[in-house]
Each structure stands twice: as structure tokens, then as C-alpha cells.
Amino acid sequence: MGLENITRAGGFGLALTGMTIVFIALVLVSLFIAGLPRLLPLVNSLLPELEGHHGVTPAASTSAASAAVEEELIAAIGYALHVHRDH
Amino acid sequence: MEILIHFLKSTGFAQMELGNAVMIVIGCVFIGLAIRKDYEPLLLVPIGMGIIIGNIPYAATMSLGVYDSWLPLEEGGKGDLQAASVLSLIYFGVKYGLFPPLIFLGIGAMTDFSTMLSNPKLVLLGAAAQIGVFLTLLGALYLGFSPQEAASIGIIGGADGPTAIFLSSQLSPQLLGPIAISAYSYMALVPVIQPPVMKLLTTRAERRIRMKPPRQVSRRERMIFPIAAFLICALIAPGALTLLGMLFFGNLLKESGVTERLATTARTTFIDSVTILLGVAVGASTQASTFLTKQSLLIFGLGALSFAVATAGGILFAKLMNVFLTDKINPLIGAAGVSAVPDSARVAQMVGQQEDPHNMLLMHAMAPNVAGVIGSAIAAGVLWSVLVR
């Protein structure tokens, strides 16, 4: 037990270096986020957003579409059954 | 009669030692805290039950515990796969650091980085809180732990259970049990540990500071962020690439808009399944003979210290930022930099509302909170790459 353990293991250097690296990484992330709104027009001009991708997620639209198809199918089966029984 | 006597000798009652009984009581306390006090029930119930399971004594010839491993004899195992206990197979995911990245995938799929993207300076609070990790590392070195052990203990201050498990499985697997239990216990005790530190380091006026509402973040920004942030962080600290890769991958699943089914699975059934396995395995690894040691007590002490220091680091850095900022930050949200998502953000909101019931700090606190997750993963990556043997 003692300060000697820290110095022998290079603890102060390790702690300082580690903290600095964490800060550098997160400062860079922070700078990237700050610059992102300025980068967006460039990205949008290179890769314009697809019409279908606005608002509703494809997964949701797929399930909504399949639900609509299912309803139509059930209605058609119901109608066919009704006609069949009438005859 | 002889068979009956032999059987009675093999029962848990006959082999029970004081240490096992103490650990079983601790397991019950964990479950009690989860049920009565609602402290991280999703973690404490599996861990508590795991502790109870892991401390039922059994005959040495039976393969039941987490340490009755499938490893070859020369690596301390029992030589063949049939000798492996079910618990040891589940524990494989903890021992080899498999579960933490999978949990990060789920966390990524449920994390909304919008508040962080709308106020990038709050990211720095997540970095400042990592001071707890590195000061605790020094404390552990001072107490005589090896650098690898000290790093694993220090990361408890990151307030991130999966990260703590990941790093200690890589650097000091012999301390995995106490470190995991300590990390998760203190994560559950965030509402108890943080408020006194927060009140001690802030004035009433500071706690009443209201912050501007965050700006609207576009879908494009949220889609670009996980890829760019991963590249920045992983290129600086490649040791963090497994954790951060899965975190940002999960977030990309959520934000891309084309993988909603995968994102839903990752943030619900998938993370829940892994949490159950991880919780039970970690709990079961606390067999009294390996867990009730002086080292474990020191780790618990250092863990509490690291949480308090990390909280203080975030708050004091917020106060320092306020010296230079015109739009002031409520320093309470600095405490959320310790990750522990979303509990520490909730604590910031709770303490803030004690002074001003209409002050909504939660969304602001989520920014340092998620930045803290990234920060602690980077810290783990740095420590791993420097100290790997």
C-alpha cells in the first residue's frame, strides 16, 4: 500500500493519458455534431432523400400495406362464400 | 440406511457454511430491494436469484456451479464437455465478454441521441465524469492491486455494468464476480449515492437554472451520427470497437428506418434474454469461497468512491463550463455523465424538480447520460489496449 505502488505502475501517466484520450474522442464527436448541420446540405445534394422514406418507416408501411391486403382478401373470401351459399 | 446417511450428507443443509448463508441473505436483500424499492429490478432480481443459486452447496464430485467448467484440465477445467455444468456454459458469455456487446446492441437500439445532437457541448460532461474511472484506478493501485486489477475496479466508476464486466473479463477475470456485483449494485443505488453529492456541490440558484429546449434534429443527422461517431471513437481507441460497434450498430438499426423489426427485437426480447443470462450467471459466480474476501470489500469501497467522484466530476465540469457560457447549463445534469442510463438522468430531473417543480431537466440530462456510455466504453478500450498482457 502506498504512493510507490502508483508510481511503479506508471499510474499517474496512465490516468492522465486515459483521461486525455477520452476527452479528445468526445471533443471530436462534439465538434462533428456541431458541424453536422453544415454538412447536411452537401450530403442532401449528393444523396437526396427518397420520397418513400419520409415520415413513415418502411417496416410500418409494409405492415400497413399487408394489413390492407389482408382486409381486401377477407372481404373477397366473405363475398365468395356469400355468393356460393346463395346459389 | 447407509444410502440415506450418504444422501443426507450430500444435502445442501449438511454442507452449508456461514459464507453460503451470508451470500444467500445478500441475494434475498437484492431481490427485496428490487421488489420493495424498485431499484433496477430487471438486474437485481436475476442477480439476486443467481446469488442464491450459486451458493447452494453441493458435493464436489457433481458438476453444478459456474466454475465447473468445460475447459481442458491444463486450463483448470474438468477436461471434457460432458463435465461442464449448465451454469458454466451460461457463464461462458460473461467470462469471455460475449454478453456485454450484445447488451450494448440492445442499448443502442433503444437510445435516442437527439438531445445530444441538439446540444453537442453537453457531450463533454460525459467525458468529465470519467474522472471517476481514472481516480479510482489510482486509488486501487495505492491499495496494492495490480494495474490490470486497478483498471477493472476503476471502470466501475463508468457506472456501466456491461463495460465493467467486459473489461474485467479481459484484464482480471479473477475479480469478475465482485466487480460485476459492485457495478450493478451501485447502478441500482444511483438514486441513493448521487443526490447528496449533487446537493453538496451546487447552490440552490444553480439547481434552479432552466435550460433552453433542444432544437429539432433531422432524421438524416440521426442516421449519419452512429456511423461517424463509431469511426471517430473506434479509430482513436480500437479497444472499444466491440462495445461501441454494437452500440452504434443497434442505433443504426433504430435510425435507418428500414430495419425496424431488427431494432425492435434488439431492444426488447434480445436484450431481455441476454440480461437474464448475464444476471443469473454473474449472481451465480459469487460463491462464498471466492466472493467473501477482503479484496471484495475493498472493491465495494472503491466502487462507491468511484461513483461519487464521477458524479462530482460531471457537476464540477458543468460549473466550469458555465463560467464561459452565456446560456447556462444546470450543473445537476453533469451528474448524468456517469452513464447508468437512464437512472442518473432521472435523478438529475428529480433533484432539479425538488427546487423547481416545473423545470424539465430529463431531456437535457439524457445528452451527458448517453455521452457517458460512449465515454466509459472509450475509457475501457484505452485501459484494455494499454494493459493487455
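Note that these values count all heavy atoms, side chains included, but never hydrogens, waters or copies made by symmetry. Chain naming here is simple, since letters A, B, ... match the order of the sequence lines and numbering starts at 1 in each.
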| request: Identify which part of A:Leu47 has an atom lying under 4.5 Å from any heavy atom of chain B, answering side chain, backbone, both or neither. | output: both
| said: For the interface with chain B, which of A:Pro37, A:Gly10, A:Gly2, A:Ala34 has the highest count of heavy-atom pairs at distances below 4.5 Å? | reply: A:Gly2
| Checking A:Leu40 against chain B: side chain, backbone, both or neither under 4.5 Å from a heavy atom? | side chain
| query | Do B:Thr111 and B:Asn251 have side-chain N/O donor and acceptor atoms under 3.5 Å apart? | reply | no
| query | Counting a contact as any heavy-atom pair under 4.5 Å apart, which residues of residues 229-249 of chain B contact chain A? | reply | B:Ile232, B:Cys233, B:Ile236
| task | Under 4.5 Å heavy-atom distance to chain A, tell me which part of B:Thr264 shows up: side chain, backbone, both or neither. | result | neither
| query | Roughly how far apart are B:Arg215 CZ and B:Asn119 CG, rounded to 0.5 Å? | reply | 9.5 Å
| query | So which part of B:Leu124 gets closer than 4.5 Å to some heavy atom of chain A, the side chain, the backbone, both or neither? | reply | both
| Short side-chain to backbone donor-acceptor contact, B:Asn369 and B:Gly337, under 3.5 Å | no
| For the atom pair NZ (B:Lys121) and OG (A:Ser30), what is the distance rounded to the nearest 0.5 Å? | 9.0 Å
| request: Identify which of A:Leu26, A:Asn5, A:Val43 forms the greatest number of heavy-atom pairs closer than 4.5 Å to chain B. | output: A:Leu26
| field | Members of residues 129-141 of chain B whose heavy atoms come closer than 4.5 Å to chain A | value | B:Gln130, B:Ile131, B:Phe134, B:Leu137, B:Leu138, B:Leu141
| task | Look up atom OG1 in B:Thr293 and atom CD in B:Gln174, then write down how far apart they are to the nearest 0.5 Å. | result | 11.0 Å
| Quick check: does any side chain N or O of B:Asn322 sit under 3.5 Å from a backbone N or O of B:Ile329, one acting as donor and the other as acceptor? | yes
| In Å, rounded to the nearest 0.5 Å, how long is the span from CD1 of B:Ile179 to OG of B:Ser152? | 4.5 Å
| Contact class of B:Ala151 relative to chain A, heavy atoms under 4.5 angstrom | neither
| task | Supply the atom-to-atom distance B:Leu298 CG to B:Leu305 CG, rounded to the nearest 0.5 angstrom. | result | 12.0 Å
| Leading residue by heavy atom contact count with chain A [cutoff under 4.5 Å; candidates B:Val386, B:Leu383, B:Ile224] | B:Ile224
| Can you say whether B:Val123 sits under 4.5 Å from chain A via the side chain, the backbone, both, or neither, judging by heavy atoms? | both
| Side chains of B:Met366 and B:Asp112 in contact at under 4.5 Å (non-hydrogen atoms) | no
| message | Could you walk me through whether B:Ser118 and B:Thr115 satisfy the side chain to side chain donor-acceptor pair (under 3.5 Å) test, starting with their C-alpha distance in whole Å, then the side-chain angles of each, then the deciding distance to 0.1 Å, before giving a yes or no? | response | CA-CA 5 Å; B:Ser118 71; B:Thr115 48; 5.8 Å; no
| task | Fit a plane to each ring of B:Phe317 and A:Phe23, take the angle between them on a 0 to 90° scale, and name the class: parallel (under 30°), tilted (30 to 60°) or perpendicular (over 60°). | result | tilted
| Interatomic spacing from CG in B:Leu122 to CG in B:Leu117 - rounded to 0.5 Å | 11.5 Å
| query | With a 3.5 Å cut-off and no angle check, do the side chains of B:Ser218 and B:Glu221 form a donor-acceptor pair? | reply | yes
| task | Find the one option among B:Phe225, B:Phe113, B:Tyr142 whose heavy-atom pairs under 4.5 Å with chain A are most numerous. | result | B:Tyr142
| Test item: B:Val388 and B:Gln170 side chains (from C-beta on) under 4.5 Å apart, heavy atoms | no
